[in-house]
Amino acid sequence: MKDEITYQPTVCPYCTSCCGVYLVVKNGRIIGQEPMKSYPINEGKLCIKGNNTYKLLSHSERLTEPLIKGRKVSWEKALKLIAEKFEGVSSEDFGILGSGKTSNEEGYVLQKFARVVMSTNNVEYCARFCHSATVAGLGPAVGGGVMQTSQMHIDQADCIFLAGVNIQENFPGISRRVHRAKNNSAKVIVLDPRITGTVKNLADIHLQLKPGTDAALINAMIKIIIDGELENKEFIKARTEGYEELKAFVSSIDLEEVQKVTSVPLDKIRASATAFAKATKGCILYDEGITQHITGSDNVKLLANLVLLTGHIGKPGTGVNPMRGQISGEGSGDMGCVNVFYPGFKRVNKETAEHFQKLWGVENLPSKPGKTFMDIINTCKTVYMVGVNPMISAPDSNNVRKSLEGLDFLVVEDIFMTETAELADVVLPAATWVEREGTHTGIDRRVYKINKVVEPPGQAKPDWWITMNIAKQMGFSDKFNYNSSKDIFEEIRRCIPQYAGISYERLDKTISGIHWPCPSEDHPGTPTMFTQKFNTPDGKGHFQPVGYKQPAELTDREYPYTLTTGRVIFHYHTGTMTRRTNSLNDELPEAFIQIHPEDARELKISNGKKAILKSRRGQLEIKTRISPDITRGVVFIPFHFSKANANVLTNPAFDPACKMPEFKVCAVSIEKAD
Ligand code: SF4
């Protein structure tokens with residue numbers, strides 16, 4: 001009926017909390033939004049990003065037609081050219097970079113395209129830069145790199161350790177649960193080199209460490225717990241292996257030395273260790289402050305040691321919980337957009353390849369690990385990118401630009417002309433989350449369904465449709481024969497046992513989704529993991545003793561400051577969407593460097609004036625924000641911006657276990673700009 005207003009339920013597309021929102025639709029157009037009061041995740045509350053989700057949908061810069069070298073073309077012409085180019089490249093020289101924003105169905109079709117059509121495991125997504133260290137660290141410890149509790153149970157904890165996560169800015173929805181726990185007397189410990197809003201509003205204890213010294217500090221907490229006999233002996237005996245090795249390893253740690261290395265007073269480390277060990281329900285929430293180091297996987301192993309030592313795992317509101325940042329940060333990994341995993345985290349090898357050959361009815365699937373994210377950029381000749389913007393998100397952007405400009409052929413699929421799309425031979429217009437149907441998997445393994453609310457603009461298409469049609473153009477119609485997102489999900493259920501019991505029909509009946517593993521249709525889902533045993537081969541939790549190693553790049557006379565990077569509440573990841581949303585961009589339209597007043601005084605830089613930062617990889621000019629909330633010698637830049645892009649400076653040195661670049665520590669020089 002003309003002029004009828006309807007309220008269409010959906011979720012906020014920004015962080016992995018996935019808060020419920022109603023979009024207000026009139027005559028096929030979204031004209032506003034309202035928080036969804038009945039949605040159990042957010043209970044009607046939205047953060048500033050969530051309150052501004054709909055504005056980008058009708059933005060005048062939306063991509064609406066395929067482009068070849070900047071010229072508008074038909075889908076037919078674009079698909080034909082892509083197919084010709086892809087057919088002419090070897091599997092070794094071809095790579096795919098996917099996204100944490102696409103639906104599960106889109107991630108699934110993308111990795112299947114890499115493996116079935118291009119015979120390569122060179123398929124990755126943005127989690128390489130946020131939680132690859134989680135997979136490497138938690139895999140051997142407990143058998144899976146996932147959140148172990150439901151986000152809705154976090155308020156049951158009586159001690160919450162926020163390790164390297166500025167939860168108030170980056171996960172405001174979950175931050176509400178931490179506030180609620182604190183109001184119920186929970187103790188909150190925050191590990192962060194800066195005094196953030198999280199520290200000011202939540203921390204009972206702030207461990208303000210020197211960037212990159214996390215391992216020394218966590219090992220000290222472990223030693224203090226063991227020396228004080230505060231460990232959970234019963235849990236250790238029943239459910240773990242390797243305790244004696246851990247005890248022997250930490251026995252030689254010199255706590256005075258830890259104080260010097262980390263700059264954190266020993267009494268704070270002691271108080272934190274004691275509070276966590278004595279809690280009835282201890283919960284660790286951690287993010288990129290822990291993972292984005294050359295020792296990221298070691299840091300994660302140490303956090304796992306901490307929960308195994310204290311028994312704070314396997315109950316609601318406990319565990320060592322990675323906080324993946326994007327709406328499908330979990331889902332794209334589950335679907336197999338990873339160089340070493342087929343769908344369902346089945347490790348790439350001959351047996352797995354044979355298993356999927358049977359499921360997909362194909363032969364000769366690749367059985368050797370593919371290239372990682374940066375190796376795809378640096379060594380492939382033809383790259384297909386979907387919803388990913390490495391010109392902003394990858395370390396050492398000058399080198400990324402050089403590599404992308406040197407490609408034989410680059411296809412970028414997105415909703416806006418990103419900094420990466422500007423370098424592409426072909427740009428394909430994609431539909432957003434409310435312009436197609438599909439499922440996503442939130443931070444706590446919660447699978448939920450999003451319905452189509454409006455038509456995509458112009459010729460924009462769902463990502464799964466685009467990938468499927470490239471495959472069809474290349475002669476794989478029978479293997480990519482989907483009429484809907486539901487068809488793809490039915491295949492996902494057959495291929496991924498954790499999703500077997502989840503169906504569109506079930507999801508349509510439940511507002512807050514179903515947590516995997518959900519092996520059968522009569523299974524209620526699994527909000528809490530590892531209640532009886534771990535997913536390791538012997539079912540036990542494994543302690544992994546590891547020591548402290550220095551960051552890859554230390555300060556010196558030429559580069560005397562330590563740069564650390566991160567996010568702010570007004571922007572999301574590479575800023576592609578939030579920089580185009582006026583009400584968000586107006587709050588913070590440009591990047592800044594946060595610098596201590598004493599450092600600024602020495603450099604003769606005034607607040608709001610420009611400074612020039614240089615690292616061994618590049619330089620930028622940036623506005624200063626003088627603040628006592630950062631320690632002397634350390635500076636911070638949010639990485640969401642195209643101008644004054646922090647990643648021009650960052651170090652691509654990586655963790656050998658997971659190829660995670662060290663975004664959080666590099667050495668820079670600073671001078672006043674004229
Ligand atoms: Fe969106 Fe996350 Fe904010 Fe919720 S907390 S409204 S999901 S950005």
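Ligands are counted one by one from 1 in listed order, and the atoms in each one are counted from 1 as well.
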Query raised in the report: Which one of E105, E437, E505 satisfies the salt bridge (Lys or Arg N to Asp or Glu O under 4.0 Å) criterion with K486?
Result: E505
Query raised in the report: Would you call D204 and K182 a salt bridge, taking side-chain N to carboxylate O under 4.0 Å as the test?
Result: yes
Query - Salt bridge R180-E43, side-chain N to carboxylate O under 4.0 Å - result: yes
Report summary line: Atoms of ligand 1 under 4.0 Å from any heavy atom of G173, numbered from 1 in the order shown, are 5 (S)
Query raised in the report: Which ligand 1 atoms does Y14 reach within 4.0 Å, using its non-hydrogen atoms?
Result: 8 (S)
Suppose we measure from [atom] to each protein heavy atom; which comes out shortest, and what is that distance?
atom: atom 6 (S) of ligand 1; answer: G50 CA, 3.4 Å
atom: atom 3 (Fe) of ligand 1; answer: C47 SG, 2.2 Å
atom: atom 2 (Fe) of ligand 1; answer: C15 SG, 2.3 Å
atom: atom 4 (Fe) of ligand 1; answer: C19 SG, 2.3 Å

Query - Min heavy-atom dist L46 to ligand 1 below 4.0 Å - result: yes
Query raised in the report: With distance as the sole criterion, is a donor-acceptor pair present between the side chains of T441 and Y499 under 3.5 Å?
Result: yes
Query raised in the report: Does one side chain, of S583 or N52, offer a donor that lies under 3.5 Å from an acceptor on the other?
Result: yes
Query raised in the report: Is atom 3 (Fe) of ligand 1 less than 2.8 Å from an N/O/S atom of C12, whether that atom is in the backbone or a side chain?
Result: no
Requested in this report: Specify side chain, backbone, both or neither for P13, according to which of its non-hydrogen atoms lie closer than 4.0 Å to ligand 1.
Outcome: neither
Requested in this report: Could you tell me whether R194 sits above the aromatic face of F636, with NZ or CZ closer than 6.0 angstrom to the six-membered ring centre and within 45 degrees of the axis?
Outcome: yes
Requested in this report: Verify the neighbour count for atom NZ of K623: are there more than 12 heavy atoms of other residues, nucleotides or ligands below 6.0 Å?
Outcome: no
